Engineer: 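Here's a structure for you.
Each ligand, and each atom within it, is numbered from 1 in the order the structure gives. This one's a predicted model, so the numbers in the text were calculated from it and none came from an experiment.
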Amino acid sequence: MKHFLSIADATTDELKHMLEVGRCLRDERDAGKANAPVLAGQTLAMIFEKPSLRTRVSFEQAMIELGGHSIVLGQEVGLGKREAVSDVAKVLGGMVHAVAARVFEHQKLVDFAEHGGVPVINMLSDESHPCQALADIMTLQDEFGADLAGRSVAFVGDGNNVARSVAILCGKLGVRFVLASPQAYSFESAAVKQIRADVPGIALDLIDDPAQAVKGADAVFTDTFTSMGQESEKQARLEAFKGYQVNDQLLSHAADHAIVLHCLPAYRGVEITDEVMDGPRSRVFPEAHNRLHAQKGLLAVLMGGA
Ligand code: CP
Ligand code: NVA
């Protein structure tokens, strides 16, 4: 694995290894021990075209805890506007050891990876959010054990970047993935084709009935109905997603042991209720904290050769 632009860039063994390394580093930290400085002398540059709380803080903190440095850049870089993406990549590639970027168009990451000469990490694009999926799966492992084969995930809501990455990772680990969304917001046929090509044999169901989706699920995921950059579609989306809120009524169809995940930020009272977010099934804050631990696994492997 040279880059981490999509879950499909890593083999199943590499994904399991990154998660295992992340959990070991977390165990050390929980025991009050410092992690070995495996990234000493290395710098990660981060570029954000969109806002972030969890991704920015977890990457910066991960670099600190692994003995490295990070540089955070925002809109001022003007990726593809002030300067060609390939030129930014060539400049940064000669100064830092890896680059992570949060972009609107996924193609910018592909161009970056082609020209930078250093590992590139996707911190969210219009297509995918693979770092989020790693943390989500780590949260499932915390609940159900490291081997998740045979488990089942229901994603209720938008067939968006997060849903696509979680679907691919689930497929690679033998976890069934059911997306319940209005038909117009399900995975597009090109995305389904890509997912099936990335993970032949994936157990993937696309339906429109949230109650049917949560039946038999070990975990129920949701995310905002309106992602960053889709603000002009907000009203139409709120209309289309009526009936897709993750609330106690919907969860009455789920197994007693089913947990609830949300990548955050959450719009409380829209896609998820306060009762669920703050209730006994919720694992949303451990999930957010796992962004740190899962990314430490990723960085230790990609930059530190763990
Ligand atoms: N879940 C997530 O990526 O959060 P941020 O947008 O705050 O980074
Ligand atoms: N789907 C959301 C995820 C935010 C972390 C978005 O792209 O805005």
Engineer: Give me the atom names and distance for the closest heavy-atom approach of Leu179 to Ser186.
Structural biologist: CD2-OG, 3.8 Å

Engineer: Under 3.5 Å, is there a donor-acceptor pair linking the side chains of Asn290 and Arg26?
Structural biologist: yes

Engineer: Evaluate side-chain contact (heavy atoms from CB on, under 4.5 Å) for Asp126 paired with Ser227, printing each intermediate quantity in order.
Structural biologist: CA-CA 9 Å; Asp126 53 354; Ser227 284; over 6 Å; no

Engineer: In chain order, what residues pass the side chain to side chain contact (heavy atoms under 4.5 Å, CB included) check against Val192, with sequence neighbours excluded?
Structural biologist: Phe187, Arg196, Leu204, Leu206

Engineer: What residue and atom, counting heavy atoms only, is the protein's closest point to atom 7 (O) of ligand 2, and at what distance?
Structural biologist: Asn161 ND2, 2.9 Å

Engineer: Do you know which two heavy atoms are closest between Ser125 and His106, and how far apart they sit?
Structural biologist: OG-ND1, 2.8 Å

Engineer: Nearest protein heavy atom to atom 5 (C) of ligand 2, by residue and atom, and its distance?
Structural biologist: Leu264 O, 3.6 Å

Engineer: Which of the numbered atoms in ligand 2 are under 4.0 angstrom from any heavy atom belonging to Leu124?
Structural biologist: 3 (C), 4 (C), 5 (C), 7 (O)

Engineer: Is the closest N or O pair between Asn160 and ligand 2 shorter than 3.5 Å?
Structural biologist: yes

Engineer: Could you walk me through whether Gln61 and Arg56 pass side-chain contact (heavy atoms from CB on, under 4.5 Å), step by step?
Structural biologist: CA-CA 8 Å; Gln61 184 65 13; Arg56 175 181 173 167; over 6 Å; no

Engineer: Using a plain distance cutoff, I'd like to know if His129 has any nitrogen or oxygen under 3.5 Å from a nitrogen or oxygen of ligand 2.
Structural biologist: no

Engineer: According to ring-ring contact (aromatic ring centres under 6.0 Å, His included), does anything in residues 38-64 pair up with another residue at least two apart or in another chain? List the pairs.
Structural biologist: none

Engineer: What protein heavy atom sits nearest atom 3 (C) of ligand 2, and how far away is it?
Structural biologist: Asp223 OD2, 3.6 Å

Engineer: To the nearest 0.1 Å, how far is atom 8 (O) of ligand 2 from its closest protein heavy atom, and which atom is that?
Structural biologist: Met228 N, 2.8 Å

Engineer: What does the list of residues with a heavy atom under 4.0 Å from ligand 1 look like, ordered by chain and number?
Structural biologist: Ser52, Leu53, Arg54, Thr55, Arg102, His129, Gln132, Cys263, Leu264, Arg291

Engineer: Would you please name every residue forming a ring pair (Phe, Tyr, Trp, His ring centres under 6.0 Å) with Phe221, sequence neighbours left out?
Structural biologist: none

Engineer: Would you call the rings of Phe241 and Phe225 parallel, tilted or perpendicular if under 30° counts as parallel and over 60° as perpendicular?
Structural biologist: parallel

